[in-house]
Amino acid sequence: MIHKLKYIFPAALIFMASCTKEFLNVNTDPNNPTTIAVSKLLPAAEKGLGDALAIGGGNNGGLSEVLAVYMHQLSTRAEQDQYGATGSNFYIGTAWPKLFAASLSSPPLPEYGVLQNLEDIIANGTAAGNLRFVGIAKVLKAYTYSQLVDVFGDIPYSEANMLKSGILYPKFDDDATIYPSLLLMLDSAIADLNNTTAANALLPGASDVIYGGDKAKWIKAANTIKLKLYVHMRKI
């Protein structure tokens, strides 16, 4: 028996030495990834934007819950029915973090804000050459900021969602300066969507719940938003 053990022990040591760190790394939680694919971030951003702008109840209510009353689309027995809505209104207060949150919200639905997800898509997609995703994210980003400007006026823009850079309290930019930069952003989005030299190893399809990854429709959307911005800017 002892004669056999002198062969077994060296073999066992060689086997243990050949094991990779990944095989033995039991401290990695598969349910809490450190990075998320752009194909997962895009539908989350699109749904979050819809929630933030929607008419709905509970945590899914958004700006339209208040603004639709001002447009006489809805009537309600609340302060907006007397044109008295303020920033403390529940639905306005719900929409703001849905768009701007740069850290995970509290349970039961932990999620980053729309703009943070879009920033991650733009950064990760650019690095990987997936410019179709980048172009869509830029269109959504420009549209999101245009809605915020229309409702709130001065908003965080140039320093927004820069928590990783150490900016905890972003400045509020003059609303009149934001629109021109959104036009440039839309031009950049169109260029990304039309780019024929990018790798685009990953293309948006079912992960794009708005247009199914249809490049032509996103370019048309970008141009439509540009027209809307120009119409608004004529009074500035």
Side-chain angles (χ1 to χ4, degrees), residues 29-65 91 94-148 151 160-164 182 185-186 188-195 198-226 228:
D29 185 354
N31 296 319
N32 290 284
T34 55
T35 59
I36 302 176
V38 292
S39 58
K40 300 294 189 297
L41 291 172
L42 181 60
E46 292 177 337
K47 180 186 181 299
L49 179 57
D51 287 344
L53 302 180
I55 299 172
N59 290 330
N60 287 325
L63 292 174
S64 293
E65 182 73 23
Y91 293 106
T94 300
W96 184 272
K98 279 182 176 291
L99 297 175
F100 268 122
S103 59
L104 288 176
S105 60
S106 58
L109 296 173
E111 58 183 352
Y112 286 102
V114 171
L115 290 167
Q116 184 61 61
N117 281 332
L118 294 176
E119 294 289 359
D120 290 343
I121 293 172
I122 293 170
N124 298 339
T126 300
N130 294 317
L131 296 191
R132 290 282 184 88
F133 278 95
V134 174
I136 292 173
K138 288 180 180 178
V139 174
L140 291 171
K141 179 181 175 181
Y143 180 68
T144 299
Y145 273 115
S146 73
Q147 295 297 298
L148 284 164
V151 175
N161 294 98
M162 297 182 68
L163 185 62
K164 294 179 181 179
L182 298 183
M185 189 185 303
L186 290 166
S188 176
I190 293 171
D192 288 333
L193 290 166
N194 279 325
N195 191 300
N200 280 320
L202 186 63
L203 293 173
S207 58
D208 171 18
V209 299
I210 297 178
Y211 291 133
D214 190 315
K215 180 181 76 170
K217 290 182 179 179
W218 277 108
I219 292 174
K220 183 180 290 187
N223 284 320
T224 302
I225 296 170
K226 286 177 64 177
K228 176 177 179 287

Peer 1: Looking only at heavy atoms, which two atoms of Phe100 and Ala160 are closest? And how far apart?
Peer 2: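 Looking at all heavy atoms of both residues, the closest pair is CE2-CB, 4.0 Å.
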Peer 1: Let me check something: any side-chain donor-acceptor pairs from residues 118-130 under 3.5 Å, sequence neighbours excluded? List them with distances.
Peer 2:
| from | atom 1 | to | atom 2 | distance (Å) |
| --- | --- | --- | --- | --- |
| Glu119 | OE2 | Lys141 | NZ | 2.9 |
| Asp120 | OD1 | Gln116 | NE2 | 3.2 |
| Asn124 | ND2 | Asp120 | O | 3.2 |
| Thr126 | OG1 | Ile122 | O | 2.6 |
| Asn130 | OD1 | Ala201 | N | 3.2 |
| Asn130 | OD1 | Leu202 | N | 3.0 |

Peer 1: Working to the nearest 0.5 Å, report the span between CG of Asn117 and CG of Leu49.
Peer 2: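 Answer rounded to 0.5 Å: 11.5 Å.
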Peer 1: Tell me, please, which residues at least two apart from Tyr145 pass ring-ring contact (aromatic ring centres under 6.0 Å, His included).
Peer 2: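 Checked Tyr145 against ring-ring contact (aromatic ring centres under 6.0 Å, His included); matches are Tyr157.
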Peer 1: Can you tell me how far CH2 of Trp96 sits from CG of Leu148, rounded to the nearest 0.5 angstrom?
Peer 2: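 Here the rounded value is 6.5 Å.
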Peer 1: Heavy atoms only: give me the nearest Val209-Pro43 pair and the separation to one decimal.
Peer 2: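 Looks like CG1-CB, 4.3 Å.
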Peer 1: As an exercise, state the distance from OG1 of Thr144 to NZ of Lys98, rounded to the nearest 0.5 Å.
Peer 2: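 With rounding to 0.5 Å, OG1 (Thr144) is 13.0 Å from NZ (Lys98).
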Peer 1: Atom CD1 in Ile190, atom NZ in Lys138: separation rounded to 0.5 Å?
Peer 2: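 Rounded to the nearest 0.5 Å, the CD1-NZ separation comes out at 11.5 Å.
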Peer 1: Side-chain contact test, heavy atoms from C-beta onward, threshold under 4.5 Å: evaluate it for Leu53 versus Gln147 and give yes or no.
Peer 2: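 Yes, close enough: below the 4.5 Å cut-off.
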Peer 1: In chain order, what residues pass the side chain to side chain contact (heavy atoms under 4.5 Å, CB included) check against Ala191, with sequence neighbours excluded?
Peer 2: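 For Ala191 there are no side chain to side chain contact (heavy atoms under 4.5 Å, CB included) partners, ignoring immediate neighbours.
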Peer 1: Out of Val38, Ile210, Ile136, which one pairs with Pro204 under the side chain to side chain contact (heavy atoms under 4.5 Å, CB included) rule?
Peer 2: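 Answer to the side chain to side chain contact (heavy atoms under 4.5 Å, CB included) test with Pro204 among Val38, Ile210, Ile136: Ile136.
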Peer 1: Under the side chain to side chain donor-acceptor pair (under 3.5 Å) definition, can you give me all pairs with a residue in residues 202-217, not counting sequence neighbours?
Peer 2: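 Applying side chain to side chain donor-acceptor pair (under 3.5 Å) to every pair that reaches into residues 202-217, excluding sequence neighbours, yields Asp208-Trp218.
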Peer 1: Run Glu46 and Leu140 through side-chain contact (heavy atoms from CB on, under 4.5 Å) and show every step you take.
Peer 2: CA-CA 8 Å; Glu46 292 177 337; Leu140 291 171; 3.8 Å; yes
Peer 1: Kindly check if the number of other-residue, nucleotide or ligand heavy atoms within 6.0 Å of NZ (Lys228) is above 12?
Peer 2: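 Result for NZ/Lys228: enclosed.
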Peer 1: Taking all heavy atoms of Ala142 and all of Leu182, pick out the closest pair and write down the distance.
Peer 2: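 Smallest heavy-atom distance, with atoms named: O-CD1, 3.7 Å.
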Peer 1: Can you give me the closest heavy-atom contact between Gly48 and Val114, atom names plus distance?
Peer 2: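 For Gly48 versus Val114, the nearest heavy atoms are C-CG2, 3.3 Å.
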Peer 1: For the residue pair Asn161 and Ala101, what are the closest heavy atoms and their distance?
Peer 2: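 Looks like ND2-O, 4.1 Å.
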Peer 1: Looking at CG of Asn200 and CG of Asn195, how far apart are the two atoms once the value is rounded to the nearest 0.5 Å?
Peer 2: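 Nearest 0.5 Å value for the CG-CG distance: 7.0 Å.
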Peer 1: Mind checking what makes side-chain hydrogen bond (donor to acceptor under 3.5 Å, both in side chains) contact with Asn223, not counting sequence neighbours?
Peer 2: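 Asn223 satisfies side-chain hydrogen bond (donor to acceptor under 3.5 Å, both in side chains) with no other residue.
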Peer 1: In Å, rounded to the nearest 0.5 Å, how long is the span from CG of Leu186 to OG1 of Thr224?
Peer 2: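 That separation rounds to 10.5 Å.
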